[in-house]
Amino acid sequence: MAGGIGSRFWPMSSPEKPKQFLDVLGCGKTLIQLTLARFRTVVPPENVWVVTSQRYESLVREQLPEVPARNVLLEPCRRNTAPCICYVSWKIKKQNPRANIVVAPSDHVIGDVDAFRSAVNDALEFAAETDAIVTLGIKPTRPETGYGYIKADLGFSSSRKKNIFRVDEFREKPTAEVAEGYVKQGNYLWNAGIFIWSVSTIINAFRVYEPELSAMFEDLMPCYDTPDEQAQIDKLYPECKDISVDYAIMEKAEEVFVYPADFGWSDLGSWGSLRQQVKQDAYGNACIGPDISLYDSHNCIVHATEEKKVVVQGLDGYIVAEKDGTLLICRLSEEQRIKLFH
């Protein structure tokens with residue numbers, strides 16, 4: 001899923017080039033390229049599908065040349081995750097009715113790629129053998145208020161997989177006090193938005209819980225892979241309900257399981273979360289760029305990758321970010337206000 005506008009990393013990101021198409025980590029690869037790379041031994045490139053906005057088509061094809069052009073599906077407008085997943089599921093069903101599917105955002109960071117692949121392969125095997133929906137739950141490292149949570153029944157594992165458990169409930173982003181309680185209880189996991197299922201399972205779920213949405217894409221089956229497909233999608237997609245797959249399917253389905261994982265996951269939803277993913281110095285500062293020096297500064301993130309010398313003195317808990325001649329200096333505690341600046 002690569003259609004998000006990723007606006008919270010301004011001035012580095014923009015509506016024309018959101019965060020999934022940027023080298024946010026300064027490692028030489030964009031987030032969407034890193035996403036494809038960690039699936040390399042799980043799924044061959046010809047079986048990778050990308051659902052993105054029409055305005056990002058050239059970026060996807062430029063950054064992911066291994067993915068066949070026919071596997072890049074273009075949304076004419078944003079309609080959240082349920083329509084995008086329903087669309088690609090019907091496309092995959094037409095190609096292979098026995099397929100198994102992993103759904104993943106394109107802009108997340110995974111620290112331990114081997115552990116991630118192991119979790120995905122286990123979940124794929126489980127989904128292929130059952131009618132279950134599986135999601136990857138991340139063991140929380142702190143009482144985070146920016147993520148949704150999964151309440152799991154960790155007392156009894158699945159008879160088929162000892163590391164997969166039944167989901168009791170999905171919870172929305174909590175207050176700080178509630179999040180602290182979740183962490184103390186030990187059976188709450190972060191909702192990473194990564195789903196594994198067979199194509200028949202997810203199609204049946206859409207038919208039961210979102211029949212109008214399902215029928216819309218099922219009716220388009222005759223025109224898939226024809227010259228008329230994009231025109232039909234452009235016409236019908238704006239009529240889709242704007243709804244997440246969590247609300248549409250996950251919170252309603254009965255056979256939902258979770259794989260509790262610990263592979264260094266972050267959704268990179270903020271400058272603060274990026275700071276947590278980058279190596280910090282002894283004073284809690286994280287720097288991304290070729291020539292950055294900090295003095296008497298603590299708990300800052302400095303992002304300046306355009307070969308400019310940057311010197312920061314006397315800051316505590318700040319974002320310093322430069323891109324294309326725009327400089328941002330903002331308290332980390334006030335970063336939710338960044339959207340007001342541009």
Side-chain angles (χ1 to χ4, degrees), residues 1-2 19-52 59-73 81 84-85 88-89 91-93 95-130 132-139 157-158 160-165 189-202 245 257-268 277-278:
M1 296 183 291
K19 66 174 178 173
Q20 62 266 33
F21 302 110
L22 299 175
D23 179 10
V24 175
L25 299 173
C27 65
K29 288 187 176 182
T30 65
L31 293 178
I32 196 170
Q33 288 173 329
L34 290 171
T35 301
L36 179 64
R38 61 176 165 263
F39 279 105
R40 191 148 283 144
T41 61
V42 179
V43 181
E46 60 268 24
N47 285 359
V48 172
W49 296 73
V50 180
V51 186
T52 191
L59 286 170
V60 171
R61 294 189 175 179
E62 173 190 334
Q63 295 191 12
L64 305 181
E66 312 98 311
V67 176
R70 62 181 175 81
N71 287 12
V72 180
L73 307 186
T81 54
C84 115
I85 291 171
V88 73
S89 297
K91 287 276 291 185
I92 292 171
K93 179 178 174 61
Q95 187 178 103
N96 181 3
R98 301 181 64 186
N100 298 300
I101 301 173
V102 185
V103 177
S106 62
D107 56 358
H108 290 184
V109 168
I110 303 295
D112 188 339
V113 174
D114 288 337
F116 171 79
R117 289 170 177 162
S118 177
V120 168
N121 282 325
D122 274 359
L124 276 170
E125 187 176 307
F126 182 78
E129 296 172 348
T130 66
I133 290 172
V134 186
T135 185
L136 301 187
I138 310 301
K139 298 174 183 177
S157 63
S158 163
R160 291 178 179 269
K161 290 283 183 182
K162 64 180 181 180
N163 46 7
I164 292 180
F165 302 84
L189 307 162
W190 289 338
N191 185 354
I194 301 171
F195 311 111
I196 299 97
W197 42 49
S198 69
V199 70
S200 59
T201 293
I202 189 59
V245 74
F257 293 80
V258 63
Y259 184 115
D262 185 11
F263 40 64
W265 169 86
S266 172
D267 76 344
L268 286 189
Q277 291 297 313
V278 178

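Index from 1, following the sequence.
Here the closest non-hydrogen pair linking Cys84 and Val51 is CB-CG1, 3.8 Å. Of all the heavy atoms in Asp23 and Cys27, the pair that sits closest is OD1-N, 2.9 Å. Closest approach of Ala2 to Ile32, counting heavy atoms only: CB-CD1, 3.8 Å. In this structure, Thr35 and Pro105 approach most closely via the heavy-atom pair CG2-O, 3.8 Å. Across all non-hydrogen atoms, the minimal contact from Met1 to Gly193 is CE-O, 4.3 Å. Of all heavy-atom pairs between Ala37 and Arg117, the closest is O-NH2, 3.1 Å.
Side-chain contact between Thr201 and Ile133 is present, with at least one heavy-atom pair separated by less than 4.5 Å. Proximity of Val60 to Phe21: side-chain heavy atoms (C-beta onward) are separated by under 4.5 Å at one or more points. Taking the side chain as every heavy atom from C-beta outward, His108 and Leu268 never approach each other to under 4.5 Å. With contacts defined as side-chain heavy-atom distances shorter than 4.5 Å, the pair Leu36/Val67 qualifies. You'll find the side chain of Trp49 reaches within 4.5 Å of the side chain of Gln95, heavy atoms only. Within the 4.5 Å cutoff, the side chain of Val24 has heavy atoms near those of the Leu31 side chain. Taking the side chain as every heavy atom from C-beta outward, Thr135 and Ile196 never approach each other to under 4.5 Å. Asp112 places none of its side-chain heavy atoms less than 4.5 Å from the side chain of Phe116.
Atoms CH2 and OG, on Trp197 and Ser89 in that order, are 6.5 Å from each other to the nearest 0.5 Å. Separating the CG atom in Leu34 from the CG atom in Leu25 is a distance of 6.5 Å, to the nearest 0.5 Å.
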| task | Take Ile194 and Val103 through the side chain to side chain contact (heavy atoms under 4.5 Å, CB included) test and state the conclusion after the steps. | result | CA-CA 6 Å; Ile194 301 171; Val103 177; over 6 Å; no
| Evaluation steps, side chain to side chain contact (heavy atoms under 4.5 Å, CB included), between Thr30 and Gln20 | CA-CA 7 Å; Thr30 65; Gln20 62 266 33; over 6 Å; no
| query | What's the verdict on side chain to side chain contact (heavy atoms under 4.5 Å, CB included) for Leu73 and Val50, showing C-alpha distance, side-chain angles and the deciding distance? | reply | CA-CA 6 Å; Leu73 307 186; Val50 180; over 6 Å; no
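Remark: side-chain polar atoms of Ser266 are not paired, donor with acceptor, to backbone N or O of Val109 under 3.5 angstrom. Using modelled atom types, no side-chain atom of Gln63 and backbone atom of Gln33 make a donor-acceptor pair closer than 3.5 Å. A donor-acceptor contact shorter than 3.5 Å is absent between the side chain of Ser198 and the backbone of Asn100. Judged purely by atom type and a 3.5 angstrom limit, Asn71 uses its side chain to pair as donor or acceptor with the backbone of Val48.
Contact check on Lys19 versus Asp107 returns a salt bridge, with a Lys/Arg side-chain nitrogen under 4.0 Å from an Asp/Glu carboxylate oxygen. Between Glu66 and Arg40 a salt bridge is recorded (basic side-chain N to carboxylate O distance below 4.0 Å). At a threshold of 4.0 Å, the pair Asp122-Lys161 counts as salt-bridged, since one of the basic side-chain nitrogens sits closer than that to a carboxylate oxygen.
Taking the six-membered ring where the residue is Trp, the centroids of Phe257 and Phe165 are separated by 6.0 Å or more.
A tilted orientation is assigned to the rings of Trp190 and Trp265, their planes being inclined by 30° to 60°.
A cation-pi arrangement, defined by a distance under 6.0 Å to the six-membered ring centre and an angle within 45 degrees of its axis, is absent between Arg160 and Phe126.
Of the options Ile202, Thr81, Val102, Val245, a side-chain contact (heavy atoms from CB on, under 4.5 Å) to Phe195 is made by Val245 and by none of the others.
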